[in-house]
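Quantities reported herein were computed from a predicted structural model and do not represent experimental measurements. Any value given below was found using the heavy atoms of this structure, including those in side chains, with hydrogens, waters and symmetry copies removed.
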Amino acid sequence: MTIVTRFAPSPTGHLHVGHAYSASLAYKQAREGSGRFLLRMEDIDQTRCRSEYEGVIYDDLKWLGLTWEEPVRKQSEHMDDYAAVLDRLFERGLIYPCFCTRREITVEIARSYSAPHGPEGPLYPGTCKSLSHRERDQKFEQEKPYALRLDMAAALKLVDVSQLFFQETDKGTIQCNPLKFGDVVLARKDTPTSYHLAVTLDDAFQGVTLVVRGQDLFDATHLHRLLQHLLDLPTPRYMHHGLVSDMKGQRLAKRDKSVTLQVIRENGYSQSDVRKLIGFKI
Ligand code: GLU
């Protein structure tokens, strides 16, 4: 089987050394396996994504010596694909509309005796899940904005989680626990998809066989594996790598301007300086 890897940045800022590591590692896996390396722009958040960031991402990756297949898949051009999948999930009773504002959710959580936390914060208390058809229709008529949430309980009826696994490079078989995400948002109020839905669909659509990404997304893979099961999608292998930190041991973030690849380039460092810094030879 041909190995297919990808690098999937969000053009919401400039790439830093950590991204250089992630992209180079994915590229190396493809090269060593005589496989394919893809690039995907995860630009669903149209309020935060900017075309100038996208342009600099291409420049940075070229400067690092990476090449990828064209055309680059841009998620913003595939909203209809995500919407079609959401329609199917809705027909199967696996998602429901949630009209709650952030504030309403916070208040509801504060009122409840137990407020379980998941990888992305407190779990949604399920307020809109219990709306009657009438209440729901009223809110639709009032044109209240809504997100679409996975009905985790309904989803878990369709799978034996004790048999839900993914393969992690160097670690072997990992048993999934998607329950920890609760009724996670699959389509946001402001954009008709979410990171979790779009990434899972696109990895399948693009035939990705090895997902290389940071350890910070390890938990997310438990949920992505559940979505793969529900949507009958193939399951790639995973390689979650350690995150590059700064001298103080803090994880690099897009807001740390000093370590962006653009600034590093402009300060006269070479591509091989960066490659050596992130532990790649030459
Ligand atoms: N777009 C995500 C990010 O920039 C990465 C998604 C992934 O690799 O699965 O953090």
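Atom-to-atom distance recorded for Arg40:CZ and Gln75:CD is 5.5 Å, nearest 0.5 angstrom. The structure places OG1 of Thr169 at 7.0 Å from CD of Gln29, a figure rounded to the nearest 0.5 Å. The CD atom of Gln215 lies 9.0 Å from the OG1 atom of Thr221; values are rounded to the nearest 0.5 Å. With values rounded to the nearest 0.5 angstrom, Met41 atom CE is found 11.0 Å from Glu77 atom CD. A distance of 7.0 Å separates CG of Leu89 from CG of Leu197, quoted to the nearest 0.5 Å. Atom CG in Asp151 sits 11.5 Å away from atom CZ in Arg149 (nearest 0.5 Å).
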Going through the distances and angles, do Thr173 and Gln167 end up as a side chain to side chain donor-acceptor pair (under 3.5 Å)? CA-CA 5 Å; Thr173 305; Gln167 295 301 322; 3.1 Å; yes
For Leu210 and Val4: C-alpha separation, side-chain torsions, deciding distance, then whether side-chain contact (heavy atoms from CB on, under 4.5 Å) applies. CA-CA 6 Å; Leu210 174 65; Val4 183; over 6 Å; no
Is there a side-chain contact (heavy atoms from CB on, under 4.5 Å) between Leu148 and Tyr146 once you walk through the steps? CA-CA 7 Å; Leu148 292 168; Tyr146 61 91; 3.9 Å; yes
Please walk me through it: do Tyr238 and His224 pass ring-ring contact (aromatic ring centres under 6.0 Å, His included)? CA-CA 11 Å; Tyr238 290 86; His224 301 175; 7.7 Å; no
Decide yes or no on ring-ring contact (aromatic ring centres under 6.0 Å, His included) for Tyr27 and Phe280, but give the supporting numbers first. CA-CA 12 Å; Tyr27 186 74; Phe280 287 83; 9.7 Å; no
Take His222 and Phe181 through the ring-ring contact (aromatic ring centres under 6.0 Å, His included) test and state the conclusion after the steps. CA-CA 9 Å; His222 291 241; Phe181 279 86; 7.9 Å; no
Where do Lys139 and Glu141 land on the salt bridge (charged side-chain N to carboxylate O under 4.0 Å, His left out) test, with the steps shown first? CA-CA 5 Å; Lys139 289 184 193 286; Glu141 270 160 36; over 6 Å; no
Between Glu168 and His240, is a side chain to side chain donor-acceptor pair (under 3.5 Å) present by the stated rule, with each step listed? CA-CA 8 Å; Glu168 174 73 20; His240 295 94; 2.7 Å; yes
Between Thr209 and Arg237, is the side-chain contact (heavy atoms from CB on, under 4.5 Å) condition met? List the steps. CA-CA 6 Å; Thr209 63; Arg237 279 188 303 119; 5.8 Å; no
Walk me through whether Phe99 and Cys128 qualify under side-chain contact (heavy atoms from CB on, under 4.5 Å). CA-CA 7 Å; Phe99 303 89; Cys128 285; 4.1 Å; yes
Between Lys74 and Glu54, is a salt bridge (charged side-chain N to carboxylate O under 4.0 Å, His left out) present by the stated rule, with each step listed? CA-CA 10 Å; Lys74 291 173 67 166; Glu54 190 181 321; 3.4 Å; yes
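Grouping the Ile, Leu, Val, Met, Phe, Trp and Tyr side chains by contacts below 4.5 angstrom, directly or via other members, places Val211 apart from Phe205. Under the 4.5 Å side-chain heavy-atom criterion for ILVMFWY residues, no single connected hydrophobic cluster contains both Leu25 and Val208. Under the 4.5 Å side-chain contact rule for hydrophobic residues, Tyr21 and Val274 share a cluster. Side-chain heavy atoms closer than 4.5 Å link hydrophobic residues (I, L, V, M, F, W, Y) into clusters, and following such links, even through other members, never connects Trp68 to Tyr53. In this structure, Leu231 is a member of the same hydrophobic cluster as Met79, with clusters built from ILVMFWY side-chain heavy atoms closer than 4.5 Å.
Of all heavy-atom pairs between Pro178 and Leu164, the closest is CG-CD2, 4.3 Å. Nearest heavy-atom pair across Val185 and Ala147 is CG1-CB, 4.3 Å. The two residues Ser130 and Thr127 come nearest to each other via the heavy atoms OG-O, 3.1 Å. Across every non-hydrogen atom of Val244 and Gly18, the tightest pair is CG2-CA, 3.7 Å. The two residues Gly214 and Leu243 have their closest heavy-atom pair at CA-CD2, 3.8 Å. The two residues Thr2 and Ser34 have their closest heavy-atom pair at CG2-O, 4.3 Å.
Annotation: side chain to side chain donor-acceptor pair (under 3.5 Å) contacts involving residues 175-186, sequence neighbours excluded, comprise Tyr96-Asp183, Lys180-Asp219.
Across Leu233, Leu186, Leu94, Leu201, a single residue satisfies side-chain contact (heavy atoms from CB on, under 4.5 Å) together with Leu227, and that is Leu186.
Heavy atoms of other residues, nucleotides or ligands lying less than 6.0 angstrom from CG of Asp232 number 12 at most. Within 6.0 Å of OH in Tyr58 there are more than 12 heavy atoms belonging to other residues, nucleotides or ligands. No more than 12 heavy atoms of other residues, nucleotides or ligands lie within 6.0 Å of OH in Tyr269, so this atom counts as exposed by the packing criterion. Environment of CD in Glu70: crowded, with over 12 heavy atoms of neighbouring residues, nucleotides or ligands closer than 6.0 Å.
Taking the side chain as every heavy atom from C-beta outward, Thr106 and Ile109 never approach each other to under 4.5 Å. Looking at heavy atoms from C-beta onward, Phe7 lies in side-chain contact with Phe37 at the 4.5 angstrom threshold. Contact check for Val161 versus Leu156: side-chain heavy atoms found under the 4.5 Å cut-off. Using a 4.5 Å heavy-atom threshold, the side chains of Leu226 and Met152 count as touching. Leu38 is not listed as a side-chain neighbour of Thr5, based on a closest heavy-atom distance of 4.5 Å or more. Residues Glu42 and Val199 form a side-chain contact, since some pair of their non-hydrogen atoms from C-beta on lies under 4.5 Å apart. Side chains of Ile278 and Ser24 form a contact here, defined as non-hydrogen atoms less than 4.5 Å apart. Contact check for Leu150 versus Leu223: side-chain heavy atoms found under the 4.5 Å cut-off.
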Listing, residues 81-88 side-chain donor-acceptor contacts under 3.5 Å, not counting sequence neighbours, or none:
unit_1	atom_1	unit_2	atom_2	d
Asp81	OD2	His78	ND1	3.3
Tyr82	OH	Asp202	OD1	3.4
Tyr82	OH	Asp202	OD2	2.8

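Look at Arg188 and Asp45 and you find a salt bridge, because one of the NZ, NE, NH1 or NH2 atoms lies within 4.0 Å of a carboxylate O, short of that distance.
If you check the side chains of Thr12 and Ser10, you find no donor sitting under 3.5 Å from an acceptor. Side-chain atoms of His196 and Glu120 form a donor-acceptor pair, as typed in the model, at a separation below 3.5 Å.
Under the 3.5 Å distance criterion, the side-chain polar atoms of His229 are matched with a main-chain donor or acceptor of Leu158.
Checked against ring-ring contact (aromatic ring centres under 6.0 Å, His included), Phe165 has no partners two or more places apart in sequence or in another chain.
Figure legend: cation-pi geometry between Lys171 and Phe218, with NZ or CZ positioned under 6.0 Å from the six-membered ring centre and within 45° of its axis.
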